[in-house]
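Some notes on the structure that comes next.
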Protein chains: 2
Amino acid sequence: MKKTDIFKKLRSSGLRPTKQRVEIAKFLFDREKTFHFTVESLNKLLEKKTTSKFALATIYNTVHSFKNAGHLSEVEVKGNKTYFDTNVSNHHHFYDSETSQLIDIDAKEVVIQKIPKAPNGKKIKNVEVFINLKN
Amino acid sequence: MKKTDIFKKLRSSGLRPTKQRVEIAKFLFDREKTFHFTVESLNKLLEKKTTSKFALATIYNTVHSFKNAGHLSEVEVKGNKTYFDTNVSNHHHFYDSETSQLIDIDAKEVVIQKIPKAPNGKKIKNVEVFINLKN
DNA sequence: TTTCACTTTAGAATCATTATAAACTATTAC
DNA sequence: GTAATAGTTTATAATGATTCTAAAGTGAAA
């Protein structure tokens with residue numbers, strides 16, 4: 001991903017391309033596979049892989065901005081940490097609780113034949129399938 | 001649920017039937033429908049519905065004991081609070097993020113036709129379907 | 001009924017996350 | 001370019017959920 005693309009991505013979401021955002025965006029989005037992380041793990045990786053220094057609050061701010069802009073999605077995982085995913089398309093997950101590892105499952109890999117209808121005045125927003133793994 | 005049944009339930013899981021555990025167990029398990037809660041909400045309800053007084057730590061201890069004994073399950077919900085469920089059978093959930101409300105879906109209400117196989121040396125422990133609702 | 005391991009308790013400690021307010025910086029208008 | 005300003009970053013404090021600690025309490029076995 002070119003630097004200008006990152007600028008565009010940020011600008012088009014109303015986010016000023018600051019040094020920090022550009023660097024975090026490059027780290028998050030400039031990769032082949034989707035990437036799952038917590039703020040804590042992202043912080044550690046940024047410390048290791050970049051020369052810049054980021055306040056923890058900035059990482060929280062940035063991740064939330066990216067999430068609100070639709071560039072990141074949040075994954076529901078048991079436990080108290082928030083997991084994020086660079087894959088924002090509709091998809092599913094394997095979860096290995098032994099290693100706390102998430103693996104994406106493409107939407108077309110799961111076919112649901114029957115599903116109950118939404119209660120009372122509600123509608124279905126989306127369906128997420130979570131496959132828990134064991135050894 | 002009779003008091004002796006609660007005693008049995010606790011004893012058979014190696015849990016001493018203390019005053020607190022019995023009262024919390026009665027509150028949680030003596031109902032028709034399944035019940036979803038966080039420690040915070042349970043604490044408030046216990047304050048309202050019982051005359052006993054429980055230390056918050058006791059509620060945490062008790063809920064964890066019950067969970068480890070298999071009498072409660074944990075539900076994966078986005079956000080930072082831990083949700084518990086008195087339904088420990090294999091089942092699924094509707095989730096209304098507007099009201100933070102969970103609704104159980106019986107396992108037989110969902111039929112999955114196709115699912116990917118587990119990666120490398122792993123096996124599938126279980127599959128959980130999460131249906132997010134909107135208005 | 002005594003003893004002892006298991007529990008409960010209040011409060012301190014910890015961990016993740018959010019709020020605050022001052023310093024900084026990208027953008028806009030000139 | 002330069003100045004003004006609105007949006008950002010930062011360090012730190014504050015908050016909220018959860019866990020830890022160590023002392024006091026209590027079931028259960030002998």
Side-chain angles (χ1 to χ4, degrees), chain A residues 3-4 6-27 36-47 50-69 71-72 74-84 100, chain B residues 3-4 6-27 36-47 50-69 71-72 74-84 100:
Chain A
K3 199 167 184 180
T4 51
I6 286 174
F7 271 65
K8 265 187 214 158
K9 185 169 197 157
L10 294 176
R11 280 241 171 67
S12 69
S13 354
L15 294 172
R16 235 182 236 183
T18 63
K19 216 173 2 153
Q20 290 83 347
R21 283 178 181 159
V22 170
E23 191 134 14
I24 295 175
K26 232 189 294 179
F27 181 79
H36 300 103
F37 63 94
T38 65
V39 169
E40 190 202 3
S41 72
L42 177 58
N43 185 33
K44 277 187 189 151
L45 286 168
L46 287 171
E47 275 177 5
T50 75
T51 52
S52 318
K53 180 97 181 44
F54 303 91
L56 189 57
T58 301
I59 301 179
Y60 274 98
N61 289 341
T62 304
V63 165
H64 284 146
S65 302
F66 288 178
K67 190 199 159 191
N68 292 336
H71 302 316
L72 288 174
E74 189 180 332
V75 186
E76 49 225 7
V77 175
K78 279 167 186 151
N80 41 356
K81 269 188 209 164
T82 305
Y83 280 76
F84 295 94
S100 298
Chain B
K3 198 166 183 179
T4 51
I6 287 174
F7 270 65
K8 265 187 213 159
K9 187 170 196 158
L10 294 176
R11 280 242 171 68
S12 69
S13 352
L15 295 171
R16 233 183 238 182
T18 63
K19 216 173 2 155
Q20 291 83 347
R21 282 177 182 160
V22 170
E23 192 135 13
I24 295 175
K26 233 189 294 179
F27 181 78
H36 299 103
F37 63 94
T38 64
V39 169
E40 190 201 4
S41 72
L42 177 59
N43 185 31
K44 278 185 189 151
L45 286 168
L46 287 172
E47 274 177 5
T50 74
T51 52
S52 319
K53 179 96 182 45
F54 302 92
L56 189 56
T58 301
I59 302 180
Y60 274 98
N61 290 341
T62 304
V63 165
H64 284 146
S65 303
F66 288 178
K67 189 196 160 193
N68 292 335
H71 302 316
L72 288 173
E74 189 179 333
V75 186
E76 50 225 7
V77 175
K78 278 167 186 150
N80 42 355
K81 268 188 211 163
T82 306
Y83 281 75
F84 295 93
S100 298

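In what follows, chains are A, B, ... by sequence order, proteins preceding strands, each numbered from 1.
Taking atom NZ on B/K19 and atom C1' on C/dT9, their separation rounds to 12 Å, with Å as the unit. In this structure, CG of B/L46 is placed 13 Å from P of C/dT8, rounded to the nearest angstrom. As a whole-Å value, the separation of A/L56 CG from C/dT18 P is 11 Å. Distance CG (B/N80) to P (C/dT17): 7 Å, rounded to an integer number of Å. Separating the OH atom of A/Y60 from the P atom of C/dT17 is a distance of 4 Å, rounded to the nearest angstrom. Rounded to whole Å, the distance from CZ on B/F66 to P on C/dT7 is 11 Å. If you measure from atom CZ of A/R16 to atom P of C/dA26, you get 9 Å, rounded to the nearest angstrom. Look at CZ on A/R11: it is 8 Å from P on C/dT28, rounded to the nearest Å.
Counting heavy atoms from C-beta outward, B/T82 and B/V39 have side chains that stay 4.5 Å or more apart. B/T38 places none of its side-chain heavy atoms less than 4.5 Å from the side chain of B/F84.
Rounding to the nearest 0.5 Å places CZ of A/R21 at 8.5 Å from CZ of A/R16. The structure places CG of B/L42 at 10.5 Å from OH of B/Y60, a figure rounded to the nearest 0.5 Å.
With salt bridges taken as basic N to acidic carboxylate O contacts below 4.0 Å, one links B/E40 and B/K44.
When only modelled atom types and interatomic distance are considered, B/Q20 and B/T58 share no side-chain donor-acceptor pair under 3.5 Å.
Each of A/L15 and B/Y83 lies near DNA chain D, and the nucleotide nearest A/L15 is the one positioned closer to the 5' end. Both B/P17 and B/K81 lie near DNA chain D, and the one whose nearest nucleotide falls closer to the 5' end is B/K81. Of the two residues contacting DNA chain C, namely A/N61 and A/E40, the nearest-nucleotide position lying further toward the 5' end is that of A/E40.
For B/E74 (side chain) and A/G79 (main-chain N/O), a donor-acceptor pair under 3.5 Å exists by modelled atom type.
Distances were taken from every side-chain heavy atom of A/A57 (C-beta onward) to each of C/dT8, C/dA16, C/dA19; the shortest belongs to C/dA19. When distances are taken from the side chain of A/V39 to each of C/dT27, C/dT17, C/dA10, the shortest belongs to C/dT17. Counting only heavy atoms from C-beta on, B/T18 has its side chain closest to C/dT7 among C/dA10, C/dT7, C/dA26.
A sub-4.0 Å separation between OP1 or OP2 of C/dT17 and a side-chain N or O of A/H64 is absent. Contact check, A/T82 against C/dT17: a side-chain N or O comes under 4.0 Å of OP1 or OP2.
When DNA chain D is scanned in the 5' to 3' direction for atoms under 4.0 Å from non-hydrogen atoms of chain A, the outermost contacting nucleotides are D/dA6 to D/dA11.
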